[in-house]
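These notes are about the structure you will find just below.
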Amino acid sequence: MIFNQVFQNRFGLTAAILLLLNSPASAAGDSATILVFDGSGSMWAELEGRTRIEVARDVLSEYLNGRDMSRPLGVIAYGHRRRGDCADIEILFPSGVYNAPDVSSQVNSLNPKGKTPISDALREAARQVPRTAEEADIILITDGIETCVPDVCTIADELAESGIKIRAHVVGFGLSEAEADTLACIPERTGGKLLRPGTGQELAEALRQTETQAPPEIPALSAEVNLLIRLGNNGMPERYSWALRNDDTGTVTELAEMTGDARYSPFPLNLDEGRYTALLSTANGSGETSFEIRDSEPKSIEAALAGDLPDITLVNRGPYLAGHNALFDLTINREGLNVGGADFQLTLYKAKPNGDPDGAAITWSYVSGNAGRKANALALPSEPDEFIVTLERGDGTTVGSTRIESQADPAVRLVVPSVVTTGTEIAFESFGGQGSNDLVKIQKDGADVGWSKTLVSIAEGNPLVAPEAEGSYDLVYELGDARVEKARVSFQVSQAGTPAAQLVEKTDAQDLPQSSSQGEVKNEVEATFRVAEAFQSLQIQWSAVPLDENLPLDAWAPSDYAPSMSGFFLPGRYRVTGDAGDMQFLGDVDITAEGPNLFEFGLAPEPASDPGGPLTEEGVADLLDRLVPGRKPAN
């Protein structure tokens, strides 16, 4: 039995990048070479047991040490200074002559953390090409696709029409075919090359061009075999391993552990005639597929993997601020089969009136499958609109979704404990705005107390902490780059042992009413909200807002999800909302001291829609089938 592995990912990456960096155009005196380096957060992902950023640093250092540095070179990086900022693009070295150690040192100091603004980075690279140059090579080294501008082909047209022969090359770290297609127009329209180191035909071609190899020994009968993982209903695992059993001899051979972007690519082999079983294993499962080699035709062999998708909570905290990076409240409550890496995408679509996504994704952000709260932002278009935000697996399977609205000047609500213990975390909630760089601060008598913090910093685990001094304070929310104050809520800070804190919601600083219009304090009574039996399979987040002026502005918004939920309220009129992602339930209720306060809610009508009479049992079933993929029918 002969095993001839077609390529080695790490060497292929080096060969592919060096192939471009030493292209003929870069050696000419009347040409220019501009490198565009990816410093986005996904560069910390693994590639063959090392991080992508480490591999890229080694490649560039090797190139610079062997390069004639008397020839002009420019270097641009993006995504290495700030999270979620599409303007994070830095000219490390304008086109000129530099020492190799200086350039290597600067590149090695990059700390990946942000977005992937490919279009604007290429546009900046074109500006660095000297006007005297007759031709130029712009070499984009990236491990991901554009996450800021929907149409990258626009920049390709700009480069092609610039008046200088600019070849724009794309070197991707194992991009999938679909991801490569989104960037393919860049080299296609400029005469450049698209290489995908670590996967497929582009890498094999790079190896053939950069290395002299003796032809492999060909057996009398052999075939090219590609091993593929079939995920079924699961996300891509963080790592998995291939082994091969020769069923004629019983011998088992360990092949490779697949991590990083290589996980998404077939594992290639040349196998002699015989009977085999492909063995797939992960930390949480395994699979196998038997097959035979009886001719020399290439074969693709899939091994199925079973497992669960994660359980998530995706909260709509809108309305969101149009034209800004919006921070979304996403928590993975229970991990599925896949954990770590960038196996999921938080994706933004324009919404159709029926709640379905309208067309292709506008933008997305990679999300790991590890349990916990995430700090992911999406760049919202400048025009206010309605959108669908989904968490999707790499193959497009939707794990969860919610419908949101963006506005030019959204109102902001703060929900704050009325009493907070000195020196402890302030467990507040905010609705509206939700720009990742919106500020939340503590003030006393109009003066700031302590440091202000952005929403993204708080989401990353840096909470606001109550002052050590007792007294009355305000929590203030400032929106957008102009830092416009949109909400202010008063709360008390006292030492431990005070009565349990009550949530208070306000949008201004007026005093909260504490009693009824007759001056008597009302006692709270229990109320229960539920949906009809046809919707009992849904997980619903409930909230209630008082409508009567004599009621305190306390908002009831438990964090649990269920088709039925109970809470305690002062008697009065409330607007109750049930959010099930693609489905919304709505109604106004009167909660009385006498009771019984049991309320059942129907679907909220869509704007400008005609409900056309009551929803029948058949209509409910059709609606659930459309909005809840994979739903089990009721018995």
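Please read these numbers as outputs of a predicted model, since none were measured by experiment.
Taken from CG in L586 to CG in D579, the straight-line distance is 11.0 Å, to the nearest 0.5 Å. To the nearest 0.5 Å, the span separating CZ on R263 from CD on E257 amounts to 11.0 Å. Rounding to the nearest 0.5 Å places OG1 of T402 at 9.0 Å from CD of Q541. The structure places OH of Y366 at 7.5 Å from OG1 of T116, a figure rounded to the nearest 0.5 Å. If you take CD1 on I89 and OH on Y78, they are separated by 9.0 Å, rounding to the nearest 0.5 Å. For the atom pair S436 OG and L378 CG, the distance stands at 10.0 Å (nearest 0.5 Å).
Salt bridge absent: E478 and K486 never bring a charged side-chain N and a carboxylate O closer than 4.0 Å. Using a 4.0 Å cut-off between charged side-chain N and carboxylate O, E460 and R83 make a salt bridge. Residues K115 and D85 are not paired through a salt bridge, judged by the lack of any N-O separation under 4.0 Å between the basic side chain and the carboxylate. Ion pairing between D329 and R373 holds under the 4.0 Å rule for side-chain N and carboxylate O.
A heavy-atom distance below 4.5 Å is found between the side chains of T577 and S543. Between N325 and N437 there is no side-chain heavy-atom pair separated by less than 4.5 Å. For the pair L140 and I118, the minimum side-chain heavy-atom distance is below 4.5 Å. Proximity of V493 to F491: side-chain heavy atoms (C-beta onward) are separated by under 4.5 Å at one or more points. With a 4.5 Å cut-off on side-chain heavy atoms, L183 and I145 count as touching. Between L455 and S430, some side-chain heavy-atom pair lies under the 4.5 Å cut-off. Looking only at side-chain heavy atoms (C-beta outward), I76 and F37 stay at 4.5 Å or farther from each other.
Summarising the local packing, CZ of R575 is surrounded by 12 or fewer heavy atoms from other residues, nucleotides or ligands at distances under 6.0 Å.
Residues S457 and N462 bring a donor and an acceptor atom of their side chains to less than 3.5 Å of each other. With hydrogens and angles left out, the side-chain atoms of D438 and Y477 include a donor and acceptor closer than 3.5 Å. At a cut-off of 3.5 Å, with distance as the only test, a side-chain donor of S490 or D474 sits close to an acceptor on the other residue. A side-chain donor-acceptor contact under 3.5 Å links Q443 and R488. Looking at Q492 and S494, their side chains never bring a donor and an acceptor atom within 3.5 Å of each other. Side-chain contact, D38 with S40: a donor N or O sits under 3.5 Å from an acceptor N or O. A side-chain donor from one of T154 and D151 sits under 3.5 Å from a side-chain acceptor of the other. Side chains of E146 and S119: a donor-acceptor N/O pair is present below 3.5 angstrom, by distance only.
A379 and L348 get closest at one heavy-atom pair: O-CD2, 4.0 Å. Considering every non-hydrogen atom in both R82 and K113, the closest pair reads N-CD, 3.7 Å. When all heavy atoms are compared, the tightest approach of P117 to C86 is CB-O, 3.3 Å. The shortest heavy-atom contact between V412 and G432 is CG2-O, 3.6 Å. The nearest pair of heavy atoms linking L391 to L346 is CD1-N, 4.1 Å. Closest heavy-atom contact between L479 and G433: CD1-CA, 3.6 Å.
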Pair K352-D358, salt bridge (charged side-chain N to carboxylate O under 4.0 Å, His left out): steps then yes or no: CA-CA 5 Å; K352 290 182 178 179; D358 185 4; 5.0 Å; no
query: Please walk me through it: do F569 and Y574 pass ring-ring contact (aromatic ring centres under 6.0 Å, His included)?
result: CA-CA 9 Å; F569 303 85; Y574 294 80; 5.3 Å; yes
message: E386 vs K350, test: salt bridge (charged side-chain N to carboxylate O under 4.0 Å, His left out). Steps then yes/no.
response: CA-CA 6 Å; E386 291 190 349; K350 187 175 179 180; over 6 Å; no
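Residue pairs meeting the salt bridge (charged side-chain N to carboxylate O under 4.0 Å, His left out) criterion with at least one member in residues 442-457, sequence neighbours excluded: K441-D448.
Aromatic pair Y320/F328: centroids less than 6.0 angstrom apart.
Remark: side-chain polar atoms of N333 are not paired, donor with acceptor, to backbone N or O of A371 under 3.5 angstrom. Judged by distance alone, the side chain of S105 and the main-chain N or O of D102 form no donor-acceptor pair under 3.5 Å. Formation of a donor-acceptor pair under 3.5 Å by the T528 side chain with backbone atoms of S566 is not found in this model. N316 places a side-chain N or O within 3.5 Å of a backbone atom of R403 that can act as its donor or acceptor partner.
Ring geometry for W542 versus F529: interplanar angle of 30 to 60°, hence tilted.
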